[in-house]
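Side chains included, hydrogens not; waters and symmetry mates left out as well; all remaining heavy atoms used. Just so you know, residue 1 is the first one in the sequence shown, and it goes up from there.
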Amino acid sequence: MMQPNLDMDALRTLIATQKLGSLNRAAERIGRSQSAVSQQMRKLEAQVGMPLFRRKGRGLALTDAGEKIVSYAHRILDLNDEAVRSVRAASVEGVVRFGLPGDFAETWLPAALGQFKRTHPGVRVEVAVERNGALLERLDRGELDMVLAMGYETRADAEPVATLPMTWIGPAHAHGATRPGESGKPGESGEPLDLALYNAPCFFRRAGLAALDKAGISWRVAYTTASIQSLWSGVAAGLGITLRTAAGLPSTLKPLGERDGLPALPDVTLCLHAAHQEMPPALAHLKQTIGQGVLANLSG
């Protein structure tokens, strides 16, 4: 008996629906109508002979069969995409100079860049890891071709790829941000809140201090650094709390928030910035790889 060939587009829609929890959101993400998405799911269920979703409140949850198909879908699509990229990239050559902040330098981005190198053997990628502002300064000086940066969405060359919540960060073993006063608010025990921050200028630093001032919480900068690894180490050692996004957060640290008496923080926009409006093929292929990595690892 011949087995049906699962529809690749339907598998992509299935993954989007599973991640976003509803057909409406999946339809918006992939740019199709809800009826078209529903038809894709019905076709996929007919091909496998079992329902893939069940109702859960106002949203959808995967059935056991759906979870199994999603697991296979990731593998099928990864192999399909790698094959297409490999064939298309065989003739692409050149040098691409790419900059990224330390927040992503030890998590999913190295793997994405490694995959890009395997599928684009004729392209040499030179990677720089620095602060967001320093990276964009190098882009403006012509020293980099493309930069992934947070907090500079007002630049003319900014192409937003994700919105990430800022969060306060403290040691994983600690029970709160500081020794609170009678009201439970940090900084009201007579001692200011110790902070570990990047050297100025830093938009995270500005956002954190503004939020504390607005909330009437006294603070002092107890530890400063220009390195993300040093920042994490200082916070883990209890020298002060900091604020970033939760992307790439080490296991020695944990997010803090309003339950710890800390003020709410704004979101931060993650953008790609490119030096060329008309991108050479090597840079265009890298941009696509980075965008797919952001979608898979940072978009909710």
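No side-chain heavy atom of R244 sits less than 4.5 Å from a side-chain heavy atom of M166. Side-chain contact between M150 and T269 is absent, with no heavy-atom pair separated by less than 4.5 Å. Between P171 and T252 the shortest side-chain heavy-atom distance does not fall below 4.5 Å. You'll find the side chain of E191 stays beyond 4.5 Å of the side chain of S218, heavy atoms only.
Nearest approach of V37 to L23, heavy atoms of both residues: CG1-CD2, 3.6 Å. When all heavy atoms of L139 and L144 are compared, the pair lying nearest together is CD1-O, 3.3 Å. The shortest heavy-atom contact between A16 and A26 is C-CB, 4.1 Å. In this structure, A105 and P110 approach most closely via the heavy-atom pair O-CG, 3.0 Å. Looking at every heavy atom in both residues, A211 comes nearest to P263 through O-CG, 3.6 Å.
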Walk me through it: do Y223 and S230 pass the test side chain to side chain donor-acceptor pair (under 3.5 Å)? CA-CA 10 Å; Y223 180 80; S230 176; 2.6 Å; yes
Start with the C-alpha distance between S33 and S35, add both sets of side-chain angles, then the distance that settles side chain to side chain donor-acceptor pair (under 3.5 Å), and finish with yes or no. CA-CA 5 Å; S33 66; S35 60; 3.1 Å; yes
Run the side-chain contact (heavy atoms from CB on, under 4.5 Å) check on D64 and R54 step by step: do they pass? CA-CA 10 Å; D64 290 344; R54 56 181 173 82; over 6 Å; no
Show your reasoning for whether side-chain contact (heavy atoms from CB on, under 4.5 Å) applies to D81 and Q115. CA-CA 11 Å; D81 295 349; Q115 183 184 55; over 6 Å; no
Begin from the C-alpha positions of V268 and F203 and carry the test side-chain contact (heavy atoms from CB on, under 4.5 Å) through to its verdict. CA-CA 10 Å; V268 59; F203 73 90; 3.5 Å; yes
Under the side-chain contact (heavy atoms from CB on, under 4.5 Å) criterion, do L195 and R220 qualify, and how do the steps go? CA-CA 6 Å; L195 300 177; R220 65 184 171 200; over 6 Å; no
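Under the 4.5 Å side-chain contact rule for hydrophobic residues, V127 and L283 share a cluster. Cluster annotation: L193 is not connected to L239 through the hydrophobic network of ILVMFWY side chains, with a link wherever side-chain heavy atoms come within less than 4.5 Å. Put simply, L6 and M8 are part of the same group of oily side chains (I, L, V, M, F, W, Y) that touch within less than 4.5 Å, one to the next.
E45 places no side-chain N or O within 3.5 Å of a backbone atom of P51 that could act as its donor or acceptor partner. Using a distance-only test at 3.5 Å, with no hydrogens or angles considered, no donor-acceptor pair links the side chain of W219 to the main chain of G208. Under the 3.5 Å distance criterion, the side-chain polar atoms of T242 are matched with a main-chain donor or acceptor of A196. K117 places a side-chain N or O within donor-acceptor distance of the main-chain N or O of V123, the cut-off being under 3.5 Å. Using modelled atom types, no side-chain atom of R138 and backbone atom of A128 make a donor-acceptor pair closer than 3.5 Å. Judged purely by atom type and a 3.5 angstrom limit, E130 has no side-chain atom pairing as donor or acceptor with the backbone of P101. Of the possible polar contacts, one joining the D7 side chain to the D9 backbone as a donor-acceptor pair under 3.5 Å is found.
Open room surrounds CD on Q39; 12 or fewer heavy atoms of other groups in view lie less than 6.0 Å from it. Heavy atoms from other residues, nucleotides or ligands lying under 6.0 Å from CZ of R55 number 12 at most.
In this pair, F104 and W108 present their aromatic rings tilted. The plane angle is within the 30 to 60° band.
In the hydrophobic clustering (ILVMFWY side chains linked at under 4.5 Å, chained through shared members), M50 stands by itself. Other members of the hydrophobic cluster containing L253, listed by chain and number, are I169, Y198, I228, L231, W232, V235, L249; membership follows side-chain contacts under 4.5 Å among ILVMFWY residues, whether direct or relayed.
Contacts of A149 classified as side-chain contact (heavy atoms from CB on, under 4.5 Å), with partners at least two apart in sequence or in another chain: N132, L136, V147, H273.
Between E143 and R97 there is no salt bridge, since no side-chain nitrogen of the basic residue lies less than 4.0 Å from a carboxylate oxygen of the acidic one. The pair D260-K254 fails the salt-bridge criterion, with no side-chain N (NZ, NE, NH1 or NH2) lying under 4.0 Å from an Asp/Glu carboxylate O.
Each of T167, L197, L256 was compared with L243 under the side-chain contact (heavy atoms from CB on, under 4.5 Å) criterion, and only L197 meets it.
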